[in-house]
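Remarks on the structure that follows.
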Amino acid sequence: MSIALSLGNNLTTGGIFKPAAVNNTSVNNVTDFAGITGGGTLVLISEQTASASASISFTTGIDSTYDEYIFRYYDMHPATDNTQLQFQVSTNGGSSYGVAITSTAFQGYHYEVDGSSSGVAYYTADDLAQSTSFQNLCNNVGNANDESMSGILHLFDPSNTTFVKHWINRSQSYSGGDFSLDGHQAGYVNTTSAVDAVQFKMTSGNIDDGIIKMYGVVKS
């Protein structure tokens, strides 16, 4: 009733709504979103900012509360030129990282000066075969002041103790060779133990700058 009265009081005789009839229009001011069928709600669990960091680890908040965890990484800037952001997982709260991963990877690329230096390639350097090494999430990120990479990593059902743990990554990086690299990596962590920690680091040197946010996905 109050909403109807408010709208009515702000309606001109010509049937046009006055500006005062509409409020809470900014996304920053919206207090609630209706559920979307087939989708889910993201809940920010934690956020970490790199500053000449050897690694960034998420050792709390990964449990059976959510069936999917999303890590969004923003402007990850390496201290070393032409290096890769990587991740690995832990089943002991972060005491050690190195669970067997099998994965596949390909990337699209395009050089700044155009020409023939573009295409799509299966990238064997980024895939693993039952390896306990860290998994690359990109390829050859530059360390110039304006170079970085961003992306999103999905980790599915990490607390499940019946099945392996699937993951998908999509990244975009500014290569040290002045390429735009569109990276696609996916695979599974080959363990039926619950995964309860995730660590990120560069293949060489520190993470000079960048932000990683961890979200839980609430099923609708």
Side-chain angles (χ1 to χ4, degrees), residues 40-80 83-105 126-139 141 148-171 173 183 185-219:
T41 303
L42 291 183
V43 177
L44 179 61
I45 300 172
S46 61
E47 172 183 334
Q48 297 192 50
T49 299
S51 179
S53 305
S55 63
I56 292 179
S57 301
F58 292 84
T59 58
T60 60
I62 303 175
D63 52 37
S64 59
T65 303
Y66 303 102
D67 292 322
E68 179 185 356
Y69 286 79
I70 292 177
F71 299 86
R72 291 182 172 176
Y73 43 95
Y74 304 84
D75 296 322
M76 305 300 289
H77 179 73
T80 304
T83 188
Q84 287 73 243
L85 182 69
Q86 303 177 302
F87 92 102
Q88 247 291 359
V89 302
S90 173
T91 59
N92 53 21
S95 295
S96 62
Y97 294 89
V99 185
I101 291 177
T102 294
S103 62
T104 186
D126 286 348
D127 60 23
L128 300 177
Q130 282 301 97
S131 173
T132 57
S133 299
F134 273 67
Q135 169 70 49
N136 287 354
L137 298 177
C138 63
N139 182 249
V141 185
S148 66
M149 60 89 67
S150 298
I152 181 168
L153 170 66
H154 299 258
L155 177 62
F156 300 97
D157 209 6
S159 294
N160 189 293
T161 55
T162 301
F163 301 108
V164 299
K165 316 302 183 288
H166 297 281
W167 59 268
I168 297 172
N169 180 72
R170 177 77 182 274
S171 65
S173 57
Q185 299 85 12
Y188 57 88
V189 181
N190 196 7
T191 181
T192 56
S193 297
V195 168
D196 55 11
V198 176
Q199 184 177 88
F200 298 85
K201 67 177 184 177
M202 294 292 180
T203 54
S204 177
N206 290 334
I207 306 173
D208 190 52
D209 196 8
I211 296 173
I212 303 179
K213 297 183 180 184
M214 182 176 73
Y215 296 85
V217 180
V218 179
K219 288 184 178 180

Original post:
What's the verdict on side-chain contact (heavy atoms from CB on, under 4.5 Å) for Leu42 and Ile70, showing C-alpha distance, side-chain angles and the deciding distance?
Top reply: CA-CA 9 Å; Leu42 291 183; Ile70 292 177; 3.7 Å; yes

**OP:** Can you measure from CG (Leu153) to CG (Leu85) and round to the nearest 0.5 angstrom?
**Re:** 9.5 Å

Subject >> Closest contact, heavy atoms only, Ser90 versus Ser95 >> reply: OG-N, 4.0 Å

Subject >> Reported CD-to-CE distance for the pair Glu47 and Met214, which is rounded to 0.5 angstrom >> reply: 11.5 Å

Subject >> Closest approach of Met149 to Cys138 (non-hydrogen atoms, all atoms of both residues) >> reply: CE-CB, 3.2 Å

Original post:
Which atom names give the shortest non-hydrogen contact between Pro78 and Thr83, and what distance separates them?
Top reply: CB-CG2, 3.2 Å

Original post:
Is there a donor-acceptor pair closer than 3.5 Å between any side-chain N or O of Ser103 and the backbone N or O of Asp127?
Top reply: no

**OP:** Apply side chain to side chain contact (heavy atoms under 4.5 Å, CB included) to Thr192 and list each qualifying residue two or more places apart in sequence or on a separate chain.
**Re:** none

Original post:
Which atoms form the tightest heavy-atom contact between Ser193 and Thr191, and what is the distance?
Top reply: N-OG1, 3.0 Å

**OP:** Go through the structure and list residues passing side chain to side chain contact (heavy atoms under 4.5 Å, CB included) with Val164, not counting sequence neighbours.
**Re:** His166, Tyr188, Asn190

**OP:** Just do the side-chain contact (heavy atoms from CB on, under 4.5 Å) check on Asn136 and Thr203 with the steps written out, would you?
**Re:** CA-CA 8 Å; Asn136 287 354; Thr203 54; 3.6 Å; yes

**OP:** Please confirm whether the backbone N or O of Ala105 pairs with a side-chain atom of Asp126, one donor and one acceptor, at under 3.5 Å?
**Re:** no

Subject >> Asn139 versus Ser173, closest heavy-atom pair with distance >> reply: O-OG, 3.6 Å

**OP:** Taking side chain to side chain contact (heavy atoms under 4.5 Å, CB included) as the test, write out the residues that go with Ser55, two or more places apart.
**Re:** Ser57, Gln199, Lys201

Original post:
Between CG of Asn206 and OG of Ser51, what distance do you get to the nearest 0.5 Å?
Top reply: 9.5 Å

**OP:** Please report the C-alpha distance between Asp208 and Met202 in whole Å, then the side-chain angles of each, then the deciding distance to 0.1 Å, and finally whether the side-chain contact (heavy atoms from CB on, under 4.5 Å) criterion is met.
**Re:** CA-CA 10 Å; Asp208 190 52; Met202 294 292 180; over 6 Å; no

**OP:** Check whether any side-chain N or O of Lys165 sits under 3.5 Å from a backbone N or O of Leu155 as a donor-acceptor pair, and report yes or no.
**Re:** no

Subject >> Counterpart residues, ring pair (Phe, Tyr, Trp, His ring centres under 6.0 Å), relative to Phe71 (two or more places apart) >> reply: Phe58, Phe200

Original post:
Rounded to the nearest 0.5 Å, what separation is found between the OG1 atom of Thr59 and the CG atom of Asn92?
Top reply: 11.0 Å

Subject >> Exercise: identify the closest heavy-atom pair between Tyr73 and Asn169 >> reply: OH-OD1, 2.6 Å

Subject >> Heavy-atom check, side chain of Gln185 versus side chain of Ser171, under 4.5 Å >> reply: yes

Subject >> Pairs involving residues 62-79, ordered by first then second residue, that meet salt bridge (charged side-chain N to carboxylate O under 4.0 Å, His left out) (sequence neighbours left out) >> reply: Asp67-Lys219

Subject >> Pairs involving residues 84-104, ordered by first then second residue, that meet salt bridge (charged side-chain N to carboxylate O under 4.0 Å, His left out) (sequence neighbours left out) >> reply: none

Subject >> Whether Ser131 side chain and Ala129 backbone form a donor-acceptor pair below 3.5 Å >> reply: no

Original post:
Hey, what's the ring geometry for Tyr69 with Tyr66, parallel, tilted or perpendicular (30° and 60° as the breaks)?
Top reply: perpendicular

**OP:** Look at the side chain of Gln130 and the backbone N and O of Thr102, then say whether any donor-acceptor pair between them is shorter than 3.5 Å.
**Re:** no

**OP:** Kindly indicate, with the supporting measurements, whether the criterion side-chain contact (heavy atoms from CB on, under 4.5 Å) is fulfilled by Phe134 and Gln84.
**Re:** CA-CA 10 Å; Phe134 273 67; Gln84 287 73 243; over 6 Å; no

Original post:
Between atom OG of Ser46 and atom CD1 of Ile62, what is the distance when rounded to the nearest 0.5 Å?
Top reply: 8.0 Å

Original post:
With under 30° as parallel and over 60° as perpendicular, where do the rings of Phe87 and Trp167 fit, or are they tilted in between?
Top reply: perpendicular

